[in-house]
Structure formats: C-alpha cells, structure tokens
Amino acid sequence: MESFTSDEGERIYVLIDSWYASEKVINACSGKGFHVIAAVRTNRIICPVGLPISIRDFAEQYIRHADLRSVTVEGQGHYRVYDYEGPVSEIENAKLLFSWKKDDYTAASKPQVCLLCTDVSLDLVTIQWYYHVRWNIETGYRYFKELLCFEQYQLHSFTGIQRFWAIQFLTQNFLEFQRQEWSRENAELTLGDVVRHIREDYFGQIIVYVYQQALEKKPLFDILKLLRLSA
C-alpha cells in the first residue's frame with residue numbers, strides 16, 4: 001500500500017473483502033489518502049445514538065421493512081438497503097450499508113452483505129456499484145489460482161507484484177491467441193478448454209518421451225531425475 005503511487009488529484013478506492021477489513025489495512029489506506037470500500041462481518045460493533053451493538057443484533061432487533069430503501073444497481077439487480085453513518089468498531093466514522101436482495105429480506109434477519117465505505121459522500125448506488133468491481137477481481141484471482149496454478153506466489157514488494165501481473169497477462173494473451181487459432185477449426189473454445197488441451201498434449205509428450213527412453217534402456221532414476229520426479 002505504501003509503495004503504490006497515484007497521480008495528483010486522483011481519487012483512489014481500495015476494494016477489500018471481510019478477511020482484510022482490519023484497522024491496520026484501513027489506516028494504511030487512510031494514511032495515503034485512499035478511501036476504502038470493504039465487506040465487513042456482522043459481529044462488528046456500531047454505535048447508533050451512542051449505544052454499542054453488533055451489526056447482527058441491530059439488524060435483527062431494530063431494522064424493519066419500512067426502514068429500508070429500494071436501490072437498483074445497473075447490471076446487478078435490486079436491493080433493500082439500510083444505511084448507517086458513525087463509528088464502526090475501531091473506525092471512527094464511516095458509512096455502512098446493510099444490504100439484502102430485494103425479495104430476500106425477512107423480519108429479524110441479518111444482512112446478506114454489509115459494506116463499509118470511508119468516503120461518506122458516496123451515495124448508496126455508487127458504493128454498491130464500485131464494490132461489484134471487486135467480484136470481477138475475485139473471479140479473476142480464482143481463475144489464475146485454480147486453472148493456471150499461480151496460487152503459490154507470495155509477493156510483498158510492489159515491483160514484484162507488477163512483474164507477477166506481467167507474467168499473468170502474458171499467459172492470458174498466449175491462451176487467447178491459441179483460443180483464436182484453434183477456434184477457427186473447432187467449435188468456440190473457452191480459455192479453460194485451451195488450458196486442458198495444452199496440458200493433455202504436454203502429458204502425451206511426456207508419455208512418449210518415457211516410452212522412448214525405456215526402449216533405449218535408460219535407467220529409471222535418470223529419467224525421474226530429468227523429469228524432476230521422485231520414485
């Protein structure tokens with residue numbers, strides 16, 4: 001966070017999920033002049049009219065259908081939202097959205113999603129619309145971690161993160177190039193189809209190599225060493 005630089009006058013919003021919505025992270029953002037939009041858990045403490053109570057208990061005991069506002073976010077859907085501004089646990093002042101899908105609200109139910117925003121000037125629709133961008137980031141991470149096996153990389157420096165992004169985008173471009181090439185001869189392929197095809201082809205090449213080495217009576221341990229495998 002400290003390594004990231006922004007242009008003068010640029011308004012930065014940091015989107016984080018509930019795992020990272022901690023005082024330390026939010027303070028690091030505030031120290032750089034960045035705003036935070038984050039999901040928070042319903043055990044966080046708020047202080048409506050100066051009385052401390054958890055988000056869950058406040059929603060279940062005090063919020064009624066008449067207190068909710070109907071909010072429509074383009075491309076996302078319709079929501080019932082209750083907004084609160086004030087202290088949220090260790091955060092001195094923030095805007096908090098208690099959100100339910102339009103038809104999912106029931107009396108004495110806890111919010112399906114709680115969003116915290118340190119920029120109290122943002123309206124409810126904009127907060128939800130901005131945070132929806134994070135879901136695209138999340139699915140992208142899942143794609144790179146699970147399908148492309150990038151999950152083992154752990155980086156701390158901003159330079160290292162930038163280089164990691166470059167490797168990811170090069171990989172994505174390579175797969176897209178192959179997808180376009182192979183889609184000319186076959187039905188429309190997904191990137192997942194391309195990855196699976198490449199892996200199957202690579203695995204086939206290994207099988208052929210091992211077979212050829214066996215015909216030449218190469219020692220098994222030499223083959224395993226070359227393939228960096230253990231017996």
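One is the number of the first residue; the rest follow in order along the sequence.
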- [ ] Using the rule that two of Ile, Leu, Val, Met, Phe, Trp, Tyr join whenever any of their side-chain heavy atoms come within less than 4.5 Å, decide whether Val208 and Phe203 are in one cluster.
- [x] no
- [ ] Would you indicate whether Glu8, at its atom CD, is surrounded by more than 12 heavy atoms from other residues, nucleotides or ligands within a distance under 6.0 Å?
- [x] no
- [ ] Kindly give the heavy-atom pair with the smallest separation between Ser109 and Ala59, and that separation in Å.
- [x] O-CB, 4.0 Å
Task: hydrophobic_cluster_shared for Leu215 and Ile206, side chain cutoff 4.5 Å - done: no
Task: Arg196 with Asp193: basic N within carboxylate O range, under 4.0 Å - done: yes
- [ ] For residues Pro87 and Glu92, determine if any side-chain heavy atom of one lies less than 4.5 Å from a side-chain heavy atom of the other.
- [x] no
Task: Phe98 and Ile46: CA distance, side-chain angles, deciding distance, side-chain contact (heavy atoms from CB on, under 4.5 Å) verdict - done: CA-CA 12 Å; Phe98 301 57; Ile46 58 176; 3.9 Å; yes
TODO: Decide yes or no for Val194 and His197: does some side-chain heavy atom of the first lie under 4.5 Å from some side-chain heavy atom of the second?
DONE: no
Task: CG on Leu51 to CZ on Phe58, rounded to 0.5 Å - done: 10.0 Å
Open item on the list: Contact between Val14 and Lys32 at the side-chain level, heavy atoms closer than 4.5 Å - yes or no?
Closed with: no
Open item on the list: With rounding to the nearest 0.5 angstrom, report the OH to NZ distance, Tyr79 to Lys101.
Closed with: 3.5 Å
- [ ] For Val125 and Asp123, work out which heavy atoms get closest and say how close.
- [x] N-OD1, 3.1 Å
Task: Gap separating the CE atom of Met1 from the CD1 atom of Ile26, nearest 0.5 angstrom - done: 10.0 Å
Open item on the list: Quick check: is Val88 connected to Val120 through a chain of hydrophobic side chains (ILVMFWY, heavy atoms under 4.5 Å apart)?
Closed with: no
Open item on the list: Does Ser54 form a side-chain contact (heavy atoms from CB on, under 4.5 Å) with Ile45? I'd like the steps, not just the answer.
Closed with: CA-CA 4 Å; Ser54 71; Ile45 302 298; 4.1 Å; yes
Task: Validation row: Leu116, Ile37 side chains within 4.5 angstrom (heavy atoms) - done: no
- [ ] Test Val133 against Tyr13 for side-chain contact (heavy atoms from CB on, under 4.5 Å), laying out the working first.
- [x] CA-CA 11 Å; Val133 175; Tyr13 290 92; over 6 Å; no
Task: Nearest non-hydrogen partners of Ser99 and Val81, listed with the distance - done: OG-CG2, 4.1 Å
TODO: Answer with yes or no whether the side chains of Tyr131 and Arg134 bring together a donor and an acceptor at under 3.5 Å.
DONE: yes
TODO: May I ask you to check whether over 12 heavy atoms, not counting those of Tyr209, lie within 6.0 Å of atom OH?
DONE: yes
Task: Nearest-0.5 Å distance, CZ of residue Phe174 to CD1 of residue Ile198 - done: 4.0 Å
Open item on the list: Between Leu124 and Arg69, is there a side-chain heavy-atom distance shorter than 4.5 Å?
Closed with: yes
- [ ] Using atom types as modelled and distance alone, determine if a side-chain donor or acceptor of Ser183 lies under 3.5 Å from a backbone N or O of Arg179.
- [x] yes
Quiz: residues 159-171 side-chain donor-acceptor pairs under 3.5 angstrom, not counting sequence neighbours:
residue, atom, partner, partner atom, Å
Thr171, OG1, Ile167, O, 2.8

Open item on the list: Using a 6.0 Å cut-off, check whether atom CD of Glu10 has over 12 heavy atoms from anything other than its own residue.
Closed with: yes
- [ ] Check whether any side-chain N or O of Arg56 sits under 3.5 Å from a backbone N or O of Ile53 as a donor-acceptor pair, and report yes or no.
- [x] no
Open item on the list: Are Leu68 and Trp100 packed together at the side-chain level, in the sense that at least one heavy-atom pair is separated by less than 4.5 angstrom?
Closed with: yes
TODO: State whether the number of non-hydrogen atoms from other residues, nucleotides or ligands found under 6.0 Å of Phe158 atom CZ is greater than 12.
DONE: yes
- [ ] Indicate, with yes or no, if Trp19 and Val36 share a hydrophobic cluster defined by side-chain heavy-atom contacts under 4.5 Å among Ile, Leu, Val, Met, Phe, Trp and Tyr.
- [x] yes
Task: Minimal non-hydrogen separation, Pro52 against Cys47, with atom names - done: CA-SG, 3.9 Å
Open item on the list: Rounded to the nearest 0.5 Å, what separates atom SG in Cys117 from atom CD in Gln128?
Closed with: 11.0 Å
Task: Minimum side-chain heavy-atom gap Ser6-Phe34 below 4.5 Å - done: yes
Task: Gap separating the CZ atom of Arg44 from the CG atom of Leu96, nearest 0.5 angstrom - done: 9.5 Å
Open item on the list: I'd like to know if the side chain of Glu90 and the backbone of Glu23 have a donor-acceptor N/O pair within less than 3.5 Å.
Closed with: yes
- [ ] Decide whether Glu176 and Gln172 meet the rule of one side-chain donor and one side-chain acceptor closer than 3.5 Å.
- [x] no
TODO: Identify, with sequence neighbours excluded, every residue that meets side-chain hydrogen bond (donor to acceptor under 3.5 Å, both in side chains) alongside Asp83.
DONE: none
